[in-house]
Amino acid sequence: MLKSIVLLVVAAVLAAGTYGINYLRDVEAVAAGYISQTLCTNVLILGRDQAEVEANDLTGQQREIARSAVKGDVVETTVRIGPVSFTEHSVYRPGLGCSVLAGRNLEDVLAVAVDERTDSPPTAPAWPTVDENVPGVNRDQLDAVIASTFTETTDDIEKAQNTRAVLVSYQGKLIAERYADGFDGDTPQRGMSMTKSATATVIGILVQQGRLDVDAPAPIDGWSELNDGRSRITTHHLLTMTAGFDYEETPADSNPRKLHSQMLYAVPDAPGFAAETPLRGEPGNSWEYQTVHSVLLQHVARNVIADDQQYFRFAQRHLFDKLGMGNSFFQADAAGTFIGGASMYASGLDWMKLGLLYLNDGVHQGERILPEGWVEYATTASEPSLQTRAYGAQIWLNTPAPHQLFPGMPEDAYAFQGHFGQYVIVVPSLELVVVRMGMTSNGEQGFDKQALLRGVVAALPAG
């Protein structure tokens, strides 16, 4: 009997030890993927200094556990927690951004590449300078509001606002534009989940071209053969986050082992991983904010375009070049699908241009980029979302709901939003677009988006 008990105890200890090691490796894989991609993008593409990026774009804990080295077009990051370590690599591929290898062989990843571009992108028209003489705008009040977003009350980078760009357009005129040291109107900045809104815009362009019906079953590999409900998911369900996937979204800094974190930073084929997510109910009956939807939307785009070289260039040619977004790029996973839920970079000016496209009903300089009625569709809340937070087609809405986006502000306001305090806020009734970019580590405790919007509106004639 004693021998049996001892064996059981030993087995339990070994099992617990194995679980602990596997847990640490999963955590380290996500951390190493995130850190290596962050450094790859900011150092190899944007040309920022590695030490400066580590000091200002990583947390103290990330700096403590990670060591990274730039080796040509590759960033190698090793994360060590206790006795366990994990090494990950991110590689820069022109046209595809920085991709986490996530177990793929480097040569195989490099084989997925964009053919050298022979045509020159159109020259973007000069961006207007700030107009300080728009009638009725209270300049002193507006300037004070903008200044407050850059004012720090702490030296702790993880508690600071760390604002990097604020721009305001009113009635088609730029009335405010300010950047932190080291950043300007041409500096691409990480949009985080604002990428979702840009991905939805790509889908809208495919609809405009007559290549996609959002109400038809989503063209996801393998789904048509399933009988568990996924075969009934439409692109509309993916756009509105009403597919009914069975998982709880949690950011990497809250639980690194969650599906969301592993999908973005620890697997080579993000949509392939996302497509395996089971359902908890019938598509269309519930709403939950889940990045799986956005990741699958880029898979939809790739399958609809059905030619990788055309797909790799599609957003550039049909969105960025059209709007003059010369400092914008999506980033792909190792398999070559752009990550639809995060990782897009664009300058503050370029994010403004995307917001203005929506303010102008999908029309840019007389050319219709998005289908007629698309903006209304994208900014109409799904019925299930109104039970908690009003949400349209990858866009947050100020439609009244239990948790309203901007209480006290016009109900037609809506926003592209991303982690670390990225915002493009559009208020059609005021002809207003507000862009704020930053690296706010502690969310809305560190930066008050409500105060920014209220202050800007109060400085306008309508305020």
Side-chain angles (χ1 to χ4, degrees), residues 128 130-139 141-146 149 166-177 194 196-198 200-201 204 239-240 323 348-349 351-366 368-383 385-386 388-418 422-437 444 448-463:
V130 172
D131 188 339
E132 297 187 351
N133 299 305
V134 176
V137 174
N138 187 325
R139 287 302 322 180
Q141 188 170 356
L142 180 63
D143 290 345
V145 170
I146 303 303
T149 68
V166 174
L167 302 90
V168 180
S169 174
Y170 173 62
Q171 294 185 339
K173 297 180 179 180
L174 187 67
I175 63 171
E177 181 181 17
M194 292 204 302
K196 296 175 170 66
S197 304
T201 306
L239 284 163
T240 57
L323 300 188
L349 290 174
W351 286 115
M352 172 63 76
K353 292 172 183 177
L354 188 61
L356 288 170
L357 176 68
Y358 276 79
L359 179 67
N360 295 321
D361 193 35
V363 175
H364 175 71
Q365 296 183 345
R368 178 158 288 285
I369 307 297
L370 294 170
E372 187 173 354
W374 181 266
V375 172
E376 181 180 2
Y377 162 73
T379 58
T380 298
S382 68
E383 285 298 324
S385 76
L386 290 173
T388 51
R389 300 177 184 273
Y391 197 79
Q394 306 287 295
I395 296 175
W396 294 95
L397 311 177
N398 199 40
T399 307
H403 301 281
Q404 193 169 10
L405 184 64
F406 295 111
M409 290 289 100
E411 293 181 2
D412 65 342
Y414 54 88
F416 317 153
Q417 291 194 141
Q422 322 308 328
Y423 304 107
V424 175
I425 304 167
V426 183
V427 188
S429 58
L430 299 178
E431 299 180 72
L432 175 69
V433 181
V434 180
V435 173
R436 188 271 180 177
M437 308 296 297
E444 295 195 13
D448 190 344
K449 66 179 180 182
Q450 307 288 347
L452 171 61
L453 183 57
R454 286 195 304 268
V456 170
V457 170
L460 303 179

ask   = Measuring from Leu357:CG to Gln365:CD, what's the distance to the nearest 0.5 Å?
value = 11.0 Å
query = Closest approach of Ile175 and Val134, non-hydrogen atoms and distance?
reply = CG2-CG2, 3.7 Å
message = Counting C-beta onward and ignoring hydrogens, is there a side-chain heavy-atom pair between Val456 and Leu432 closer than 4.5 Å?
response = yes
task = Return yes if some donor-acceptor pair links the side-chain N/O of Arg139 with the main-chain N/O of Asn133 below 3.5 Å, else return no.
result = no
request  = Mind running side-chain contact (heavy atoms from CB on, under 4.5 Å) on Lys449 and Gln417 for me, showing each step along the way?
outcome  = CA-CA 10 Å; Lys449 66 179 180 182; Gln417 291 194 141; 2.5 Å; yes
ask   = What's the spacing between Glu431 CD and Asn360 CG if we round to 0.5 Å?
value = 9.0 Å
query = Taking side chain as C-beta onward, heavy atoms only, is Val424 less than 4.5 Å from Ser197?
reply = no
ask   = Hey, mind stepping through Arg368 and Asp361 against side-chain contact (heavy atoms from CB on, under 4.5 Å) and telling me if it holds?
value = CA-CA 9 Å; Arg368 178 158 288 285; Asp361 193 35; 3.4 Å; yes
message = Any non-hydrogen side-chain atom of Val137 less than 4.5 Å from a side-chain atom of Gln171?
response = no
request  = Determine, step by step, whether Tyr414 and Trp396 satisfy the ring pair (Phe, Tyr, Trp, His ring centres under 6.0 Å) criterion, reporting the C-alpha distance in whole Å, the side-chain angles of both residues, the deciding distance to 0.1 Å, and the verdict.
outcome  = CA-CA 6 Å; Tyr414 54 88; Trp396 294 95; over 10 Å; no
ask   = Between Gly348 and Val435, what is the shortest heavy-atom contact and its length?
value = O-CG1, 4.0 Å
note = CG (Leu349) and OG (Ser169) are apart, to the nearest 0.5 Å, by 11.0 Å
With Arg454 via side chain to side chain contact (heavy atoms under 4.5 Å, CB included) - residues at least two apart = Met409, Asp448, Gln450, Ala451
inquiry  = Can you confirm whether Asp131 sits close enough to Tyr170 that some side-chain heavy atom of one is under 4.5 Å from a side-chain heavy atom of the other?
reply    = no
key: From CZ (Phe416) to CD (Gln394), nearest 0.5 Å   = 11.0 Å
ask   = Is any side-chain heavy atom of Leu167 closer than 4.5 Å to a side-chain heavy atom of Trp351?
value = no
message = My understanding is that only one of Val433, Ile146, Leu174, Ile425 makes a side chain to side chain contact (heavy atoms under 4.5 Å, CB included) with Val168; could you say which?
response = Ile146
query = What closest approach, in Å, do Tyr391 and Ser385 show between heavy atoms, and which atom pair accounts for it?
reply = N-OG, 3.1 Å
note = Taken in chain and number order and not counting sequence neighbours, the residues that satisfy side chain to side chain contact (heavy atoms under 4.5 Å, CB included) with Asp412 are Pro410, Val427, Pro428, Ser429
ask   = What distance separates Thr201 OG1 from Leu354 CG, expressed to the nearest 0.5 Å?
value = 5.0 Å
query = Can you name the nearest heavy-atom pair linking Val434 to Leu453, along with the distance?
reply = CG2-CD1, 4.4 Å
request  = Measure across Ala200 and Ala393 and return the closest heavy-atom pair with its distance rounded to 0.1 Å.
outcome  = CB-O, 3.7 Å
remark   = Those residues at least two apart in sequence (or on a different chain) that pass ring-ring contact (aromatic ring centres under 6.0 Å, His included) with Phe406 are none
key: Exercise: identify the closest heavy-atom pair between Leu386 and Ala381   = CD2-CB, 3.7 Å
request  = With rounding to the nearest 0.5 Å, note down the distance linking CD1 in Ile395 to CG in Leu239.
outcome  = 10.0 Å
